[in-house]
Each structure stands twice: as C-alpha cells, then as structure tokens.
Amino acid sequence: MEARPAGKWIVTLCVMIPTLIEILDTSIANVALGHIQGSLSAGQDEVTWVLTSYLVSNAVVIPISGWLSRLMGRRNYLLASIGLFTLSSMLCGMAMSLEALILFRVLQGVGGGGLQPVSQAILLETFPPNQRGMAMAIFAMGAVLGPILGPLLGGYITDHYSWRWIFYINVPIGLVALGMNWLYIQDPPYLLRRVRGEGIDVVGLSLLSVGLASLQIVLDKGQQDDWFAADHILALSVVAGVCLIFFVFWELRQKNPIVDLRIFRDRSFATGNVVMFFGFFAFFGSIVLLPMYLQNLMGYTAFLAGVVLGPGGLIMLLVLPLVGKLTQRVDARFLLFVGLLISAGSLWYMSGFTLGIDLGTAIFARNIQAVGIAFFFVPLSYLTMAFIPREAMNNASAIFNLLRNLGGSFGVAFVTTLLARRTQFHQVRIVENLSPFDPTYSMALERLRQAVALKIGEYADTATYAAGVIHRYMRREAAAMAFYDVFHAQALMFLALCVLMWIMRRPPRGGGMPAGH
C-alpha cells in the first residue's frame, strides 16, 4: 500500500505520537526501579542497568539514523523503528528475569533511537520555512515535556497497577502510530538514497558505536562507582575518548560517511549545537536537582514534588506555540537571548532558596524556568537548522538530537558529582566551628542538652543525643548550601551562552531560505 499525501497537521500527529512515547520511556522507568528490583529479585546496582541499557542503545542509534534513512528509505526506517519499539515494549512487560528485561530494553532503545531525529527532520521539511518555528514548538512539546511527565506517569501507573504496564501502555499507542505512518508518511523526491554498490563505512560505524556506548556507561555509572577511582570507568573513558577522536578524523576523510561532520562548516549549525549541548546540560541538571532538594531536604512527598513540577509543564504547553508564532515576526536570536536570560534568572533565584521556603516559592521558581526553556528550545532549533538544505536535514537532525541527549547526560552526571563534592566541602567548613572550644557551639549544645533532659530525663546520655541532633542539622545545612552552589553554577552557564549565541546568523526575513536550500 502506498502512503497517501497528507496535510502538515496529519503528518505532525503521525510523527509526534511515537516520538512522545519514546521520549517518555527514557525516564518513565526511573520511579519503578524499586518495584522491578523486588519483582525480579535483582540487586540495587544490577537493576539500574534497566535504565543504562536503554540509554546506551539509544545513544548509538541516534547519530546513525540519517544514514539508516538513506540506506533503507526514511519511511521504511520509520516504520521499522516504530514496529521494533512496540514489539520490544511488549516483551519488556512480559520479561520474567532481569537479564531478559535488559535485553529487551536494548532492543527498545534501538527501535526508539531514530524516532526523535527522523520526526524532527520530517517536521522541518513538512512546514514552510516561515513556519519552522511552529514546527519546532510542536517538537519541543515532546522533547522537553517527556522527561518531566515520564516520572509522574510512571509513578502513577506503578502505584496503581504494575511496573509492567509502563511498557504495555506503549503497545496500543505504537500500533496506532504504525498504522498512521503507514498510511500518511512518504519519502520526498529530494531525499538522498544509497547508491547501488555503495560500500558501508564499517570502521566509522564501529568507532561510533563503541565510543558512544562506552561514554554513555561512564556518564550513567560514573558517580555511583566513584568515577576514575574505578578501573572499569577509567578504561571505558579511555576507550570512549580514543574511539570518538579517531571517528572524527576518519569520517572527515570518507566520501560516504556514517555521519557527515562537514555540516559543522555552517557556523549557525555549529554554534547552535554548542548552545543546545550546554543549555540542556544546565536544564536537565536542574530537573534532577529541584525534586531532590524538595524531597531530601524539605521533606516533600513524591506527590508534592510533582505539584511543584506540574504547573511548569502546563505553562510550557501554553508558551511553546506562542514562541513558535513569534519566530515568524521577531528575530529568533532575540527570542533565544530572552530565553537564556530567563533560564539564568530562574536558577539564580533557586540559588537563593532557604530551607524555610514555602510551596508557592518553589512553584514560582519552577514556572519561571518553564517560560525560559520555552523561549530557549524553539528559537534555538529554528536558528540551528535555518541554513541546512532539505536533503541534509536527516543528518543534521541526528547530530542535533545526539548532542541534546548527551548534554542532558553530561548535565546529570555533573550536578550529582558537584553536589557530592560541595556537600563534603561545606561539611568540612562547618565542622571547623563545631568544637567544644567554640563558645557559641558550647552554649547551643548546653541549651539543647537541657531541652532534651526535660523531655527524656537526666538519666539518659543527653549530651551525646544533643550532639547528634546538631550533627544532623549540620549535614542538612551543608547539603542545602551545595544545592545553592550548583544552581548558581548552572545560572552562570546560561549567562555565558547569552554571549556565544550571537555568532549564529539571522534567518532571512519572512522565513524564506537562501537559494538552493
């Protein structure tokens, strides 16, 4: 059956349904690990491979999705990806052992890896040039909201049904998406296809696969295993560095490379990818930090933490289409500048939190950040792709999505590591003043000891108990100060990007593309 010609909104629906469920699956299993661990009798370290295996296979497939589209035909590759993702989701739900679940998660990552870049490329080609900002606003709804909604949806399904349903729910949605894409998606005539007799760049494919797989494992397991103090993390880091460096040199010399890196000659594309990497570096880090701060230090339940995050997601849904419309009338570089400033301001505001903030203060900070991210993602995607020819869109989108995902992975690894290091630093500095020879500490300890004695009596070891209470408060304050340091560092990163982003060229007025694009 041939695909039917379809309008842009039908095409949008076709490609965004599978993309959204794929992005949700990068984070939906996070909150179900405890249930999976108990159900499959797995160790705590072992069960985290349910997340790592998906991220590794996903990271390997994303950059080669453009090449696979050229090899198989983009429509065929899209259908195969949706089919494999749907089948492997069903198998994940049926898995009766941890080993089987990890294997099926690898297959799920292979199937889902190409959905984001292919969907973005199709949207950019389907919408007229002056409406590409709106196309990126629609894509951003999945790319940005997916990681936020994933843990909330996963927690609800796991608590009310079973962890297996976080995978089963993909099956009917995947089948619908498969049917819609079969009917309405078709390859454009200008799409580059593999020439008969053209060889496969086996060396480039091998270097990329081994390098990215090693890098993703390092980022996912590094903090847990104490980074380079662990021999396997050090070895994988060396492998990743060597493979990826050789990959760059190899690909630049190939006539038909797996990933065409020559596209970085376009300064807007090159700069846009740098801004996207570091922007998602800071954004994803804050997504991880804020719930940790609220739950670990403020004592919020998972539901209350969701209440803080939830309104921000709704605000993004409302603001993203508005920003998409504004790209047709306002210089997208100015919109991006506003987004970076707002994002920096929200993180700066969070760095001024105290342990006495109320729920409204946390929600306000998160809502400001949501507005900033809406103004960040849409114009940046538009600017980065503005001068890319249509026939190179698959390759460009694959690189763009890879760096976006890697930025998030690096960001999470960075904030968890910096948080641990700064907590240790502040504990050392505070403990310097917790000495019996310090009059302030001695007075506080004695007042607390007397208060404890009134509660439980003088017969107990009240001095030791009082010292323990002060120690717990010290650790809590040190952890809070570490959070503020990390929020502050992320704010500075967004401010630095405010300068870098002006290297990008302004798209032609009216959204029209240069000749030959």
Side-chain angles (χ1 to χ4, degrees), residues 2-23 58 61-86 111-144 146 173-174 176-193 259-260 263 269 320-321 324 327 377-378 381-382 384-402 404-405 511 513 517:
E2 291 294 327
R4 303 174 185 174
K8 62 184 180 183
W9 295 113
I10 294 179
V11 170
T12 299
L13 186 62
C14 287
V15 299
M16 284 309 300
I17 290 176
T19 299
L20 180 58
I21 60 172
E22 189 277 327
I23 295 174
N58 208 262
V61 172
I62 286 175
I64 64 173
S65 58
W67 174 74
L68 289 171
S69 296
R70 193 164 66 87
L71 182 70
M72 301 171 58
R74 189 168 64 189
R75 176 174 180 261
N76 292 336
Y77 174 59
L78 180 61
L79 292 173
S81 295
I82 297 172
L84 179 59
F85 182 84
T86 304
L115 294 179
Q116 292 183 53
V118 170
S119 297
Q120 185 180 34
I122 291 175
L123 286 175
L124 285 167
E125 295 172 22
T126 301
F127 281 71
N130 66 331
Q131 294 181 10
R132 284 183 174 180
M134 179 59 69
M136 289 302 91
I138 296 168
F139 183 77
M141 291 181 184
V144 176
I173 301 174
V176 170
L178 191 64
M180 292 182 65
N181 281 272
W182 178 275
L183 288 174
Y184 295 112
I185 298 299
Q186 53 189 339
D187 288 343
Y190 54 80
L191 186 71
L192 296 177
R193 295 296 298 270
V259 180
D260 189 358
I263 198 169
F269 181 78
L320 283 168
T327 58
F377 190 88
V378 176
S381 302
Y382 178 48
T384 305
M385 300 293 185
F387 294 90
I388 301 300
R390 292 183 303 178
E391 58 270 17
M393 199 64 76
N394 281 331
N395 179 67
S397 179
I399 295 172
F400 186 72
N401 280 276
L402 172 68
R404 176 171 60 82
N405 284 10
M513 299 302 293
H517 285 64

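These numbers come from a predicted model, not from an experiment.
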Please lay out, stage by stage, how Thr19 and Val118 fare under the test side-chain contact (heavy atoms from CB on, under 4.5 Å).
-> CA-CA 9 Å; Thr19 299; Val118 170; over 6 Å; no
Audit row: Thr384, Phe400, side-chain contact (heavy atoms from CB on, under 4.5 Å) steps and yes/no = CA-CA 9 Å; Thr384 305; Phe400 186 72; 3.8 Å; yes
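The distance from atom CD1 of Ile64 to atom CG of Leu402, rounded to the nearest 0.5 Å, is 11.0 Å. From Phe139, atom CZ reaches atom CD of Gln120 across 4.5 Å, with rounding to the nearest 0.5 Å. Between atom CD1 of residue Ile138 and atom OG1 of residue Thr12 there is a gap of 4.5 Å, rounded to the nearest 0.5 Å. Atom CD1 of Ile21 sits about 11.0 Å away from atom CE of Met16, to the nearest 0.5 Å. Separating the CD atom in Glu22 from the CD1 atom in Ile82 is a distance of 11.0 Å, to the nearest 0.5 Å. Between the CD1 atom in Ile17 and the CG atom in Leu20 there is a gap of 9.0 Å [rounded to 0.5 Å].
Residues Asn401 and Arg404 share a closest heavy-atom pair of OD1-NH2, 2.5 Å. Residues Ser65 and Ile62 come closest through the heavy atom pair OG-O, 2.8 Å. Residues Ala121 and Ser397 come closest through the heavy atom pair N-OG, 3.8 Å. Closest approach of Arg75 to Gln186, counting heavy atoms only: CD-CA, 3.9 Å. Across every non-hydrogen atom of Ile263 and Ala392, the tightest pair is CD1-O, 4.2 Å. The two residues Pro18 and Cys14 make their nearest non-hydrogen contact at CD-O, 3.0 Å.
Counting only N and O atoms by type, the side chains of Arg70 and Asn394 include no donor and acceptor under 3.5 Å apart.
In this structure, the side chain of Asn395 engages the main chain of Asp260 through a donor-acceptor pair within 3.5 Å. A distance-only check finds a donor-acceptor pair linking the side chain of Ser119 to the backbone of Val15 [under 3.5 Å].
Asn181 pairs with exactly one of Val176, Val11, Leu79 by the side-chain contact (heavy atoms from CB on, under 4.5 Å) rule, that one being Leu79. A side-chain contact (heavy atoms from CB on, under 4.5 Å) with Met393 is found for exactly one of Leu124, Ile122, Leu123, namely Leu124.
Ile173 places none of its side-chain heavy atoms less than 4.5 Å from the side chain of Thr86. Thr327 places none of its side-chain heavy atoms less than 4.5 Å from the side chain of Met134.
Below 30°, between 30° and 60°, or above 60°: for Phe127 and Trp9 the angle between ring planes is above 60°, a perpendicular geometry.
Residues passing the side chain to side chain donor-acceptor pair (under 3.5 Å) test with Ser381: none are found, sequence neighbours excluded.
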